[in-house]
Chemist: 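Please see the structure below; I have some questions.
When a ligand or atom number is given, it counts from 1 through the structure's own listing order. Computed from a predicted structure; not experimentally measured.
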Amino acid sequence: EKGGFDHFMLKEIYEQPRAIKDTFRGRLRPNEGIIKMAGVDQNLERLLNANRIIIAACGTSWHAGLVAEYIFEDLARIPVEVEYASEFRYRNPVITDKDVLIAISQSGETADTLAAIKLAKERGAFVFGVCNVVGSSIARETHAGAYTHAGPEIGVASTKAFTTQITVLTLLALKLAQEKGTYSKSRFREILTEIEGIPHKVEKVLESNPLIEIIAAAYKDASNFLYLGRGYNFPVALEGALKLKEISYIHAEGYPAAEMKHGPIALIDEHMPVVVIATKKGHYEKVVSNIQEIKSRKGKIIAVVTEGDVQVRELADHVIEVPECSESLSPLLTTIPLQLLSYHIAVMRGCNVDQPRNLAKSVTVE
Ligand code: M6R
């Protein structure tokens, strides 16, 4: 049932090329230059007339929402607010019938997300769901939606659900961008073709697994970790830190790299591993100077870089390469090494990777 893997989590990490492909297959038509999504096509007016999009979710799905904020604003020029469902539902939020709420949930059963949907519906918003489990409560409660086709996710730590959520949200943003005309036709075709190439690039990233295992062995006894990223890769830093906390019980925090000097830099010494996402297209020079700041305080640097990088390689203690890609698609690649790093650290610490203590796969109570 684990397909030859030691744990469901590892199997699910390795399923990502297939899961991402299944999620865009049938929706993406690069030759015709279109994206087909039934739930979007049938509600196009409502989605295009949105004054803003509110995204509500919890945990890893909330991180996918943060990535989507960058995508929607950057590509479709629609203002986005990303909310913890648990805060949103109790805040008496301002919602109008011009708002669109996107609820993201792997299980489709998360109590707080479900309550956020009900509240938004009562106040007239149009509610769009991004779920993995077909026929789940959230899938039924939303006006329309688009499924991720990740397949069953058994490991409590979400992996393939996250990358497939990002895939669906990217398609949705691109489709709205195309309808709104905020994106040039040629660039649109280019990015569709690039999406088609992502599963192969994810496979390339997975080839770094033996190297990541060596890095894991060097830091498995650390008591703290910092994760840093900017732009599209800031939410990836949050997600990397959550993965490590959940399954290895090591305290970890994710931060936007530039926030480091507003506090967390005080934590850095020779015992602090810092995972930095430093790919070429995302504010690269600025991240390099953040890395220099860490180095001068003797922090240990594990950097996720673009293939062929030289500058960061000179500064970092370890580099993990990912293939080159557009910044907007880079979270689909940069997330993978962080999943593997937390997996190996947790295994080396003897933790129950698939069923970490105190956690449930779907949180049906608030
Ligand atoms: O099923 P959902 O996507 O609604 O679940 C949300 C969170 O409970 C979930 O992502 C949780 O944070 C995971 N254990 C993270 O790996």
Chemist: Among all the protein's non-hydrogen atoms, which is closest to atom 11 (C) of ligand 1, and how far away is it?
Modeler: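 The closest one turns out to be T60 N, 4.2 Å.
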Chemist: Backbone N or O of Q311 within a donor-acceptor pair of the E314 side chain at under 3.5 Å?
Modeler: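 Checking the backbone N and O of Q311 against the side chain of E314, no donor-acceptor pair under 3.5 Å is found.
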Chemist: With sequence neighbours left out, write down each residue that passes side chain to side chain donor-acceptor pair (under 3.5 Å) with E81, or none if nothing qualifies.
Modeler: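 Residues passing side chain to side chain donor-acceptor pair (under 3.5 Å) with E81: R52.
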Chemist: Report the nearest protein non-hydrogen atom to atom 6 (C) of ligand 1: residue, atom name, distance rounded to 0.1 Å.
Modeler: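 Going by distance alone, atom 6 (C) of ligand 1 is nearest to C58 O, 3.3 Å.
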Chemist: Below 3.5 Å, N or O to N or O, backbone or side chain included: is there any such pair between V156 and ligand 1?
Modeler: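 Yes.
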Chemist: Salt bridge or not for K121 and E141, using N-O below 4.0 Å?
Modeler: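 Salt bridge flag = yes for E141 with K121.
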Chemist: For L332 versus V202, what's the shortest heavy-atom pair and its separation?
Modeler: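 Minimum heavy-atom separation between L332 and V202: O-CG2, 3.9 Å.
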Chemist: S61 heavy atoms, cut-off 4.0 Å: which ligand 1 atoms fall inside?
Modeler: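 In order of number, 2 (P), 3 (O), 10 (O).
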Chemist: So if I count the atoms of ligand 1 from 1 in the order they appear, which ones are less than 4.0 Å from some heavy atom of S105?
Modeler: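 That gives atoms 1 (O), 2 (P), 3 (O), 4 (O) of ligand 1.
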Chemist: Note the single closest protein heavy atom to atom 5 (O) of ligand 1, along with its residue, its atom name and the distance in Å.
Modeler: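 Minimum-distance protein heavy atom for atom 5 (O) of ligand 1 reads T110 OG1, 3.5 Å.
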Chemist: Which of these, N233, T60, T335, sits in a side-chain hydrogen bond (donor to acceptor under 3.5 Å, both in side chains) with E239?
Modeler: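 Option passing the side-chain hydrogen bond (donor to acceptor under 3.5 Å, both in side chains) with E239: T60.
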Chemist: Identify the closest protein heavy atom to atom 8 (O) of ligand 1: which residue and atom is it, and at what distance?
Modeler: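 In this structure, atom 8 (O) of ligand 1 has V363 CG2, 3.9 Å as its nearest protein heavy atom.
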Chemist: Return yes if a side-chain donor-acceptor contact under 3.5 Å exists between S158 and E153, otherwise no.
Modeler: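 Distance-only check passes for S158 and E153.
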Chemist: Does any N/O atom on T113 come nearer than 3.5 Å to any N/O atom on ligand 1?
Modeler: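 Looking only at distances, the answer is no, because the N/O contact criterion of under 3.5 Å is not met.
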Chemist: Starting from atom 16 (O) of ligand 1, which protein heavy atom do you reach first, and at what distance in Å?
Modeler: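 Protein heavy atom at minimum distance: E246 OE1, 2.6 Å.
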Chemist: Look only at interatomic distance and state if K361 has a nitrogen or oxygen under 3.5 Å from any nitrogen or oxygen of ligand 1.
Modeler: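 It does not: no N or O of K361 is found under 3.5 Å from an N or O of ligand 1.
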Chemist: Heavy atoms only, cut-off 4.0 Å: how does K243 contact ligand 1, side chain, backbone, both, or neither?
Modeler: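 Looking at K243 and ligand 1, just side chain atoms fall under 4.0 Å.
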Chemist: Is the closest basic N to carboxylate O distance between R18 and D22 below 4.0 Å?
Modeler: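 Salt bridge between R18 and D22, a charged N being under 4.0 Å from a carboxylate O: yes.
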